[in-house]
Structure formats: structure tokens, C-alpha cells
Amino acid sequence: SAPPGDLQRFANQIADPLQALLYAAELAKTDRDSALETAQDALTAMRKPADSAGFVRLQDQLERFAGRVMAPKFDWERSFPALLCELYEELAAVQELAELDDTPFPLDAKGQLQHWCSERVFENLLLLNKTVTEWRGADAPERCERIRELLAQIRHACRHYGLESAAQL
């Protein structure tokens, strides 16, 4: 894990871009072009700090995220929440590694991820139901990936509420 000062600097450098990504998700509801630009700028701003800190998995996730956002037919409603969740999962992994070394990590990535997922949990449960009930054999790989994405977000929401299972929601 990086020294505490490096982690503080890293967290400071990515704090605003992370907020910009959350803003882009909301902005996409009314202005997709501006949301796309905001997301691209935020992802670009996070690449250098991730590179400087040596967080290879985070760098890979940022590249995947940026590549998907740039795709010609990017699906904001489906893909953006899943990509944001995966990005926060990587940040939470960095946080966990820092905590294993008894190094304070100035960004509560786990808490932010769980809170964000909890705000969407009932919508995600409905989407999960729809994905399963509309299943067709020909689109099985895509459906399985969608189910995996939704279950990951639901799992983080359950952790936010201190629940063992989504059935308790």
C-alpha cells in the first residue's frame, strides 16, 4: 500500500472527478452530450493520480469505463451505473488494502458505494425481476452479465443496511 501522504494526495486528486461522475449520471437524464463530456473529463482527471499511485487495477477500470462511455451506442441507464459500481469496487479494494496496513484511507469508497447502491436498490430489484422474466435463450450471455451487474449493486445495498440477504429488504 502507498504511504499515508500519497493516499491523501490520491484521494484529494480524485474527489472532485468522482463527484463529477455522479453528477454526469444525473445530468444524463436531461442532457446526454453534456453528461458525456463531464464523464470523459472526470475519467481523464482520475487516470494520472491512479497511474502515479500505481493502482493498476484501478487504471484498467478507468480505461474500460472511458472506452465504454465513448462507444457509439452507450446505454446510460444500464451501463453507467454498472461501470460506476465497478469503479467504486476498485476504490473500495484500495481502501481495504490501506486498512490492512493500518493506513488511513481518506476516502470512504466502501461507504459511498453502499450508499449509492442503496438509493437504487428497489429500482435494481425491479430490473432484476424484469431481466429474469424476459429471459430468452439466444441472449443468455448478455442476460447473465446484466444479472451479475444488478446482483453486485444489490449486494452493496444490503451491506449498507446491514442485511444478510436481499429478501430482508
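Atoms considered below: every heavy atom in the structure, side chains included; atoms not considered: hydrogens, waters and symmetry mates.
- Classification of E86 and R148 as a salt-bridged pair holds, one side-chain N sitting under 4.0 Å from a carboxylate O.
- Here CZ of F55 is found 15.0 Å from CD of Q61. Values are rounded to the nearest 0.5 Å.
- Side chain of Q168 to backbone of E164: a donor-acceptor contact under 3.5 angstrom is found.
- Residues C144 and W135 have side chains in contact (heavy-atom distance under 4.5 Å, counting atoms from C-beta outward).
- L83 has its side chain out of reach of L87: every pair of non-hydrogen atoms, C-beta onward, lies at least 4.5 Å apart.
- Linking Ile, Leu, Val, Met, Phe, Trp and Tyr residues whenever their side-chain heavy atoms come within less than 4.5 Å places L18 and L36 in a single cluster.
- Note: Q19 CD to I14 CD1 = 11.0 Å, rounded to the nearest 0.5 Å.
- A distance of 11.0 Å separates CG of D108 from NE2 of H115, quoted to the nearest 0.5 Å.
- Judged by distance alone, with hydrogens and angles left aside, the side-chain atoms of T133 form a donor-acceptor pair with the main-chain N or O of K130 at under 3.5 Å.
- Considering all non-hydrogen atoms of both residues, P17 and A45 come closest at CG-CB, 3.7 Å.
- Side chains of L27 and T30 form a contact here, defined as non-hydrogen atoms less than 4.5 Å apart.
- The shortest distance between side-chain heavy atoms of P81 and R120 falls below 4.5 Å.
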I would like to know whether L127 and R146 meet side-chain contact (heavy atoms from CB on, under 4.5 Å); could you show each step before the answer?
-> CA-CA 9 Å; L127 288 170; R146 181 65 176 146; 3.5 Å; yes
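- Between the CD atom of Q153 and the OG atom of S118 there is a distance of 11.5 Å, given to the nearest 0.5 Å.
- Between F65 and D60 there is no side-chain heavy-atom pair separated by less than 4.5 Å.
- Linking Ile, Leu, Val, Met, Phe, Trp and Tyr residues whenever their side-chain heavy atoms come within less than 4.5 Å places L125 and L151 in a single cluster.
- Residues R68 and S79 have side chains that bring a donor and an acceptor to within less than 3.5 angstrom of each other.
- Under the 6.0 Å distance and 45° angle rule, R78 does not count as a cation-pi partner of W76.
- Of all the heavy atoms in C117 and H156, the pair that sits closest is SG-CB, 3.7 Å.
- The heavy-atom pair separating L91 from F105 by the smallest distance is O-CE2, 4.3 Å.
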Step by step, would you call R32 with E77 a salt bridge (Lys or Arg N to Asp or Glu O under 4.0 Å)?
-> CA-CA 11 Å; R32 295 271 168 101; E77 287 80 23; 2.4 Å; yes
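- Defined by atom type and a distance below 3.5 Å, a donor-acceptor pair is present between the side-chain atoms of Q95 and E99.
- Counting non-hydrogen atoms of neighbouring residues, nucleotides and ligands closer than 6.0 angstrom, the CD atom of E142 reaches no more than 12 such neighbours.
- When hydrophobic clusters are built by joining Ile, Leu, Val, Met, Phe, Trp and Tyr residues whose side-chain heavy atoms come closer than 4.5 Å, directly or via intermediates, I154 is grouped together with F122.
- Inter-residue side-chain proximity for Y161 and Q114 is flagged as unmet; no heavy-atom pair is nearer than 4.5 Å.
- Nearest heavy-atom pair across A11 and P106 is CB-CG, 3.4 Å.
- The closest side-chain heavy-atom distance from L7 to L107 is not below 4.5 Å.
- Within the 4.5 Å cutoff, the side chain of L21 has heavy atoms near those of the M46 side chain.
- Between L62 and A50, the closest heavy-atom pair is CD1-CB, 3.9 Å.
- Classification of K48 and D51 as a salt-bridged pair fails, no side-chain N sitting under 4.0 Å from a carboxylate O.
- Atom-to-atom distance recorded for M70:CE and L43:CG is 10.5 Å, nearest 0.5 angstrom.
- Dense packing is recorded around CD of E134, with more than 12 heavy atoms of other residues, nucleotides or ligands lying under 6.0 Å away.
- With a 6.0 Å radius and a threshold of 12 heavy atoms from other residues, nucleotides or ligands, F74 has its CZ atom above the threshold.
- Within a 6.0 Å radius of CD in E145, more than 12 heavy atoms belonging to other residues, nucleotides or ligands are found.
- Both V121 and I147 sit in one connected hydrophobic cluster of ILVMFWY residues. Membership requires side-chain heavy atoms under 4.5 Å apart, directly or through other members.
- In this structure, E89 CD and L58 CG are separated by 12.5 Å, a value rounded to the nearest 0.5 Å.
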